[in-house]
2 protein chains.
Amino acid sequence: MLPAPFDVLPETAYRVLNLDAGETLFRQGDPSRGIFYLITGSVRLLRFARGGETIVVHRAGPLETFAEASLFVDVYHCDAILEQAAQLVELRRDPVLRQFHSDPLFAMALTSRFATQVQTYRRRLELLAVRSAQERVFTALAEGFLTGDIKTFATEIGLSHEATYRALSHLVRRGHLIKTGRGKYCVKTT
Amino acid sequence: MLPAPFDVLPETAYRVLNLDAGETLFRQGDPSRGIFYLITGSVRLLRFARGGETIVVHRAGPLETFAEASLFVDVYHCDAILEQAAQLVELRRDPVLRQFHSDPLFAMALTSRFATQVQTYRRRLELLAVRSAQERVFTALAEGFLTGDIKTFATEIGLSHEATYRALSHLVRRGHLIKTGRGKYCVKTT
DNA sequence: CGTCACATTGATGCCTCTCAAAGCTTGTGG
DNA sequence: CCACAAGCTTTGAGAGGCATCAATGTGACG
């Protein structure tokens with residue numbers, strides 16, 4: 001049920017929560033209880049600017065963790081509001097930290113997970129820096145971002161799905177890509 | 001000289017390198033020697049698509065670390081080429097891992113650093129999802145992304161510096177921002 | 001006082017978003 | 001087995017906004 005590396009945690013280290021859309025998971029300034037793993041649904045992490053404007057810091061979706069840094073700081077730095085009803089796991093801070101100190105393998109795995117995420121996000125940021133839709137789509141494809149359907153893919157790379165479809169067919173016409181099926185493409189090997 | 005948490009490492013754990021533009025730091029498939037901290041200059045991390053195209057995975061600048069995940073995997077997964085001549089620190093893998101295992105505070109600090117970076121990158125990704133230049137600039141400002149000059153700021157938030165300047169003056173005119181000096185702005189408190 | 005890099009504003013063109021509509025697939029229920 | 005619905009795929013037309021090129025202003029520093 002829990003993804004690695006959290007699967008080694010004892011049952012007392014976490015609990016499953018079922019929350020409805022609109023409910024508040026935590027608020028900015030609350031003492032941090034732990035980090036969260038989302039099974040289904042979605043959560044928005046919000047901060048508030050001094051002018052009163054709401055700023056979306058992050059939108060967490062299924063199978064993602066969030067509020068990781070709360071392990072190492074004492075209070076949450078943003079609000080977490082349920083966007084859709086969700087089932088999620090609260091990984092309690094103290095047991096996780098205890099595991100971190102007593103189990104070097106867990107510590108390594110956790111750190112490795114974060115380090116890998118850092119690199120993944122850097123890749124996505126570099127991807128979004130590519131201005132041309134065609135080039136961006138090609139790069140994203142070559143980097144393996146296309147896992148589900150095209151619309152999801154389009155959102156992930158910051159393009160409208162129409163622009164993505166057009167870029168895809170251009171790339172096929174130009175011979176850079178091969179269409180292998182409905183919504184399936186692969187990079188042409190020279 | 002080294003930033004936290006690396007400042008606790010013994011002198012034998014790292015060495016300083018001076019490299020010229022165009023030199024190769026490591027190649028994809030090379031056994032991983034460690035992670036790097038860039039003092040000055042810049043490094044491009046590259047992967048190669050099957051069609052032979054070069055893909056920029058990341059561009060590291062001064063005071064950044066990169067190749068963090070190499071601590072936990074055996075080989076590098078991309079090439080590192082010097083974009084500009086650079087002075088950098090190679091943090092050797094084995095001593096760092098040894099410190100990680102023997103020094104819980106170091107382990108925590110390292111993990112905390114990665115977790116914080118994850119959140120920073122998520123914020124930037126969410127920021128880049130904002131289409132309107134004005135809204136993006138405002139959000140970025142409210143989130144404290146403006147630290148250095150405007151051109152750097154513009155690059156970080158994925159806009160041309162001209163568009164950024166225009167958005168800034170619009171926001172000032174509309175009363176959302178206050179110009180506090182040449183290239184200095186702050187969010188208006190209501 | 002001259003140079004350099006940043007800051008600022010103007011004009012133009014292109015690219016992508018947006019709205020719209022029509023094929024195509026798949027799944028569901030009668 | 002067929003009909004229909006729903007959602008993805010694909011293509012079209014139009015408009016707006018940002019990138020780009022260009023030029024000038026301005027502050028810092030030697």
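Lettering follows sequence order; numbering is per chain, from 1.
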Starting at atom CZ of B:Arg136, determine the distance to atom C1' of C:dC17, rounded to an integer number of angstrom.
-> 13 Å
Rounded interatomic separation in angstrom, taking NZ from B:Lys184 and P from C:dC6 | 15 Å
If you check every side-chain atom of B:Ile150, which of C:dT8, C:dA7, D:dT9 has the closest atom?
-> C:dA7
Contact class for B:Gly158 (heavy atom, under 4.0 Å): base, sugar-phosphate, or nothing?
-> sugar-phosphate
The nucleotide from C:dT16, D:dA19, D:dT10 with an atom nearest the side chain of A:Tyr165 is D:dT10
What is the distance from NE2 of B:His170 to P of C:dA7, rounded to the nearest Å?
-> 18 Å
Do A:Arg166 and D:dG12 have a side chain to base donor-acceptor pair shorter than 3.5 Å?
-> yes
Which comes earlier along DNA chain C counting from the 5' end, the contact point of A:Glu162 or that of A:Arg182, where each point is its nearest nucleotide?
-> A:Glu162
Whole-Å distance separating the CD atom of B:Glu135 from the C1' atom of D:dG17 | 14 Å
Distance in angstrom units between B:Leu128 CG and D:dC18 C1', rounded = 15 Å
Roughly how many Å is it from NZ in A:Lys151 to P in D:dA6, rounded to a whole number?
-> 15 Å
Hey, mind stepping through B:Glu64 and A:Arg122 against salt bridge (Lys or Arg N to Asp or Glu O under 4.0 Å) and telling me if it holds?
-> CA-CA 12 Å; B:Glu64 282 184 23; A:Arg122 282 191 192 147; 5.4 Å; no
For the side chain of B:Arg131, starting at C-beta, report the closest nucleotide among D:dT10, D:dA19, C:dC17.
-> C:dC17
Flag the pair B:Arg47 and A:Glu126 as a salt bridge only when some basic side-chain nitrogen lies within less than 4.0 angstrom of an acidic carboxylate oxygen.
-> no
Can you tell me how far P of C:dT8 sits from CG of B:Asp149, to the nearest Å?
-> 11 Å
In whole angstrom, what separates A:His161's NE2 from D:dC8's P?
-> 9 Å
After noting the C-alpha distance and the side-chain angles of A:Asp149 and A:Arg182, does the key distance pass the salt bridge (Lys or Arg N to Asp or Glu O under 4.0 Å) rule?
-> CA-CA 10 Å; A:Asp149 50 46; A:Arg182 181 184 171 80; over 6 Å; no
Can the ring centroids of B:Tyr14 and B:Phe6 be said to lie less than 6.0 angstrom from one another?
-> no
Between side-chain atoms of residues 95-106 of chain A and protein atoms elsewhere (two or more places apart, or another chain), which donor-acceptor pairs fall under 3.5 Å?
{"from": "A:Gln99", "atom 1": "NE2", "to": "A:Asp103", "atom 2": "OD2", "distance (Å)": "3.1"}
{"from": "A:His101", "atom 1": "ND1", "to": "A:Leu97", "atom 2": "O", "distance (Å)": "3.1"}
{"from": "A:Ser102", "atom 1": "OG", "to": "A:Arg98", "atom 2": "O", "distance (Å)": "3.1"}
{"from": "A:Asp103", "atom 1": "OD1", "to": "A:Leu105", "atom 2": "N", "distance (Å)": "3.0"}
{"from": "A:Asp103", "atom 1": "OD1", "to": "A:Phe106", "atom 2": "N", "distance (Å)": "3.1"}

Mind checking B:Lys179 for me? I need base, sugar-phosphate or nothing, with any heavy atom below 4.0 Å counting as a touch.
-> sugar-phosphate
